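These figures come from a predicted structure and were not determined experimentally.
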Amino acid sequence: MFFTRLGSGILLVALALVFIIIGGPVLAAALCLISLAAYRELGKAVGFITEDKTKRGLEFTGMILTVLYYVWIYVLLSDPWRYDPTSSGLMIPMYMILYRYQALAIGIVIAFIVYLFTYVFRFPTYHGREVMAACFSFLYAPVMLSTLYLIREGFGAGKYLIWFVFLCSWGSDTCAYAVGVLIGKHKMTPKLSPKKSVEGAIGGILGTALLSALYTYLIGQYSVSAQYSGWGINVTAAAALGAVGALVSMVGDLAASAIKRDYGIKDYGKLIPGHGGIMDRFDSVIIAAPLIFIGLSLI
């Protein structure tokens with residue numbers, strides 16, 4: 001089991017490297033597939049996706065909306081005026097593009113309206129709680145995960161900045177585990193996750209802040225391309241962003257666990273050997289990504 005989990009983890013990191021380095025349509029397609037899988041896992045967990053073939057409307061609605069949403073984001077970021085080859089490859093900051101097109105608000109509102117159409121024209125096939133669960137799942141997985149693409153393609157140094165998300169999620173998890181094993185005594189959420197300690201959480205936050213600061217320093221010092229592609233974050237801001245991101249990623253991990261406990265399931269799926277489903281592995285990434293995106297937009 002350990003080696004299966006380790007092998008899957010190494011493969012995930014390798015795939016993440018490839019997709020992030022390539023970026024563009026390849027990354028968009030990969031994130032879209034991951035979002036589709038996460039949406040279905042959540043749907044099965046909370047009960048609006050079942051084996052009943054007469055009740056597939058919410059499942060298909062969410063999957064179609066997910067694909068259209070990623071197409072919308074991809075087209076938005078393909079705007080030719082955002083790239084200026086005469087200014088060292090600088091791109092217009094992502095938050096300006098989003099304000100211009102009001103992309104996120106438009107996409108989310110349209111998705112909600114489509115769900116209402118499904119509810120009304122299939123009534124009484126679905127109960128209100130199923131429709132609300134479907135809307136929640138769409139926001140939770142596809143929309144939140146899409147911010148990874150917004151970071152990668154929306155900032156000039158996106159291929160460097162996106163790694164803050166993984167430092168905050170996977171890095172904080174590693175630091176928290178190490179500190180928790182060494183000195184953890186006080187349980188943080190005894191009813192939800194008895195093994196997590198307050199000391200481990202503090203260690204995860206401080207460790208991620210240190211990792212983020214070190215990462216920023218090294219990139220700024222030794223990466224020539226970063227210096228000419230919009231890398232404007234300083235070490236102090238990076239440490240603060242890493243600390244907040246680590247805290248949020250822990251909440252994301254616990255929130256995904258809370259859903260599993262509420263609905264009496266062990267894992268969201270079996271797609272990733274040794275880890276479970278997409279939601280089991282990306283639970284903290286899903287929450288950390290939008291926080292990092294917001295933080296980078298404000299810095």
Side-chain angles (χ1 to χ4, degrees), residues 13 16-17 19-24 27 73 77 79 81-100 103-104 144-176 178-179 200-253 284-299:
V13 172
L17 276 169
F19 291 138
I20 289 171
I21 291 172
I22 295 175
L27 178 61
I73 294 296
L77 295 185
D79 192 331
W81 69 268
R82 76 189 181 93
Y83 182 78
D84 182 3
T86 64
S87 62
S88 303
L90 293 175
M91 294 184 184
I92 295 173
M94 166 51 49
Y95 64 89
M96 291 178 63
I97 298 175
L98 291 181
Y99 281 134
R100 176 189 173 193
L104 291 181
M144 301 282 266
L145 274 171
S146 71
T147 52
L148 284 170
Y149 186 74
L150 300 182
I151 295 171
R152 172 62 178 86
E153 297 298 318
F155 293 94
K159 64 181 178 181
Y160 299 105
L161 295 171
I162 195 173
W163 291 104
F164 280 112
V165 177
F166 299 102
L167 281 175
C168 290
S169 54
W170 297 344
S172 66
D173 186 52
T174 302
C175 292
V179 174
I202 294 173
I205 292 171
L206 295 179
T208 304
L210 180 60
L211 288 173
S212 299
L214 180 61
Y215 173 72
T216 299
Y217 173 77
L218 293 175
I219 292 295
Q221 286 290 112
Y222 300 107
S223 178
V224 176
S225 59
Q227 296 171 14
Y228 295 96
S229 60
W231 182 265
I233 186 170
N234 59 54
V235 172
T236 303
L241 186 62
V244 176
L247 176 61
V248 170
S249 71
M250 292 177 192
V251 173
D253 182 17
S284 57
V285 172
I286 287 173
I287 305 300
L291 184 282
I292 296 300
F293 169 70
I294 293 170
L296 291 174
S297 298
L298 296 176
I299 291 176

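Atom NZ of Lys159 and atom CD1 of Ile20 lie 12.0 Å apart (nearest 0.5 Å). Atom CZ of Phe164 is separated from atom CG of Leu211 by 11.0 Å, given to the nearest 0.5 angstrom. Interatomic distance, Leu241 CG to Thr236 OG1, rounded to the nearest 0.5 Å: 12.5 Å. Here OG of Ser212 is found 7.0 Å from CD1 of Ile292. Values are rounded to the nearest 0.5 Å. Rounding to the nearest 0.5 angstrom, the gap separating the OG atom in Ser146 from the CD1 atom in Ile286 is 11.0 Å.
Under the side-chain contact (heavy atoms from CB on, under 4.5 Å) criterion, Ala209 pairs with Ala239, Ala243, sequence neighbours left out. Judged as a side-chain contact (heavy atoms from CB on, under 4.5 Å), and not counting sequence neighbours, the contacts of Leu247 are Ile205. The side-chain hydrogen bond (donor to acceptor under 3.5 Å, both in side chains) search around Thr208 returns none, not counting sequence neighbours. Annotation: side-chain contact (heavy atoms from CB on, under 4.5 Å) contacts of Leu27 (sequence neighbours excluded): Phe19, Leu31, Tyr149, Arg152. Residues passing the side-chain contact (heavy atoms from CB on, under 4.5 Å) test with Thr147, sequence neighbours excluded: Leu150, Ala289, Pro290, Phe293.
In this structure, Ser172 and Met250 approach most closely via the heavy-atom pair CB-CE, 4.4 Å.
In this structure, the side chains of Val285 and Leu148 come closer than 4.5 Å at one or more pairs of heavy atoms.
Of the options Val244, Leu296, Val251, a side chain to side chain contact (heavy atoms under 4.5 Å, CB included) to Leu291 is made by Val244 and by none of the others.
Remark: the backbone N or O of Cys168 is paired with a side-chain donor or acceptor of Ser249 at under 3.5 angstrom.
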List the steps and the verdict of side-chain contact (heavy atoms from CB on, under 4.5 Å) for Phe155 and Ile233.
CA-CA 12 Å; Phe155 293 94; Ile233 186 170; over 6 Å; no
